[in-house]
There are 2 protein chains.
Amino acid sequence: MNKTELLLEEFLPYKLSYLTNLISDDLSKLYTDQFGIAHTEWRVMAVLGVSSGVSAGHVAKKTAMNKVAVSRAINNMIKNDLIERQFSSEDKRRSELMLSTKGQDVYNNIVPLILEYENNILSILDEKERASLANILKKLTGYIKE
Amino acid sequence: MNKTELLLEEFLPYKLSYLTNLISDDLSKLYTDQFGIAHTEWRVMAVLGVSSGVSAGHVAKKTAMNKVAVSRAINNMIKNDLIERQFSSEDKRRSELMLSTKGQDVYNNIVPLILEYENNILSILDEKERASLANILKKLTGYIKE
DNA sequence: TGCAATTAGTTTCATATGTAACTATTGTAG
DNA sequence: CTACAATAGTTACATATGAAACTAATTGCA
């Protein structure tokens, strides 16, 4: 029994997008308002906080951002002393990126706030629901990426 | 046992955002590539397809868009003969919007494609999972909106 | 009444974003 | 080798977006 009428409130893509935006707005308050980090910059930082010395291309893959956005974020963060860059000696095109001392410090401050936020919203779900959500998101994502 | 490290791949907001973007990109192919309707315009259309004669402010609420975006979408769609506007006789500020014949036609063409897409991705889930997803999204959204 | 506050929608301006074209470097087929 | 293709990242340009200021109309209330 499929729908033949489209109601935004009952349309999965809309509901997902709505929730995503709510969360995204909340999170950006944590890093933008308090630390002046833009959304794209935060994503770059999140990658470099875990894997140091990687290239811009690697960051792009991990964050699902396009290379232009990554390039801009990186150059801005370098200007703001949040990350450091050198170019690989084997391949002079490839950058090797790492958080600066200041960047690491900012990262260390943001991560607990971010995780606390995640914990908070997950607190509304019980264990089964959390597992179910993770599983469903994985299934959908895998299916759509084909 | 809470996380103390942040891995994007395991971070709910990131996973949600990633999935949302995949879906959003797929959907925009349906209405942008085939009908030249922008994302914001599609949302306006989706509201007017269900409730005709409503104001721009009403559309903004229903779509979770800001009033500037709605204003722009509406004016562009009027230019493209997709919607018609008159202003309320009781309150000359308030617009009364409806799809034009052409707009209704475009809408009628897009809706089945959109619903088919939703059905397709939901086909990867069984009944229980669909219900669970709907329930979880509702819970999270309600909780975050507080 | 009459004037301040509110509301609907628009415009302005500064910033963000994506696509395509570009530079520089490296890989590879002949 | 050499020239052409591929890769990493940047720049340029056109478009999208949001916040704040604005216009016009309506409401509230002294």
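Every chain is numbered from 1 and lettered A, B, ... according to where its sequence line falls, protein lines coming before strand lines. Below, all heavy atoms of this structure are taken into account, side chains as well, without hydrogens, waters or symmetry copies.
Counting to the nearest Å, the P atom of D:dT17 and the CE atom of B:Met65 are 8 Å from each other. We find that CG of A:Asn75 is positioned 7 Å from P of D:dT11, with the value rounded to whole Å. For the pair B:Lys67 NZ and C:dT11 P, the interatomic distance rounds to 13 Å; values are reported in whole Å. D:dA8 atom C1' lies 11 Å from atom NZ of A:Lys61, rounded to whole Å. Between the NE2 atom of A:His58 and the C1' atom of D:dT7 there is a distance of 17 Å, given to the nearest Å. What separates CG of A:Asn76 from C1' of D:dT10 is a distance of 14 Å, to the nearest Å. We find that CD1 of A:Ile37 is positioned 17 Å from C1' of C:dT15, with the value rounded to whole Å. Between the P atom of D:dT26 and the CD atom of B:Glu90 lies a distance of 10 Å, rounded to the nearest Å.
If you check C:dA20, C:dG9, C:dT12 against the side chain of B:Ser71, the one that comes closest is C:dG9. Each of D:dT17, C:dT17, D:dA25 was ranked by its minimum atom distance to the side chain of B:Arg72; first place goes to D:dT17.
With a 4.5 Å cut-off on side-chain heavy atoms, A:Tyr117 and A:Ile23 count as touching.
The side chain of B:Ser55 contributes no N or O atom lying less than 4.0 Å from OP1 or OP2 of C:dA8. The shortest distance between the side-chain N/O atoms of B:Ser95 and the OP1/OP2 oxygens of C:dG9 is below 4.0 Å. For C:dT17, neither phosphate oxygen OP1 nor OP2 lies less than 4.0 angstrom from any side-chain nitrogen or oxygen of A:Asn66. For D:dT10, one of the phosphate oxygens OP1 or OP2 lies less than 4.0 angstrom from a side-chain nitrogen or oxygen of A:Arg85.
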Between the protein and nucleotides 2-7 of chain C, which nitrogen or oxygen pairs come in under 3.5 angstrom?
from: C:dT7; atom 1: O2; to: B:Arg93; atom 2: NH1; distance (Å): 2.2

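Formation of a donor-acceptor pair under 3.5 Å by the A:Thr141 side chain with backbone atoms of A:Lys138 is not found in this model. For the pair A:Ser100 (side chain) and A:Asp81 (backbone), a donor-acceptor distance under 3.5 Å is present. Looking at B:Gln104, its side chain never comes within 3.5 Å of a backbone N or O of B:Thr101 through a donor-acceptor pair. Under a 3.5 Å cut-off, the side chain of B:Ser95 and the backbone N or O of B:Ser55 do not form any donor-acceptor pair.
A:Lys92 comes within 4.0 angstrom of the backbone, heavy atoms only, and of no base.
Side-chain contact check for A:Asn120 and A:Glu116: no donor-acceptor pair (N or O, by modelled atom type) lies under 3.5 Å.
Toward the 5' end of DNA chain C, the nearer of the two residues A:Ser89 and A:His39, judged by each one's closest nucleotide, is A:His39. Both B:Ser88 and A:Phe87 sit near DNA chain D, but only A:Phe87 has its closest nucleotide nearer the 5' end.
Residues satisfying the side-chain contact (heavy atoms from CB on, under 4.5 Å) criterion with A:Glu118, sequence neighbours excluded, are A:Leu115, A:Leu122, B:Lys3, B:Phe11, B:Leu12, B:Pro13.
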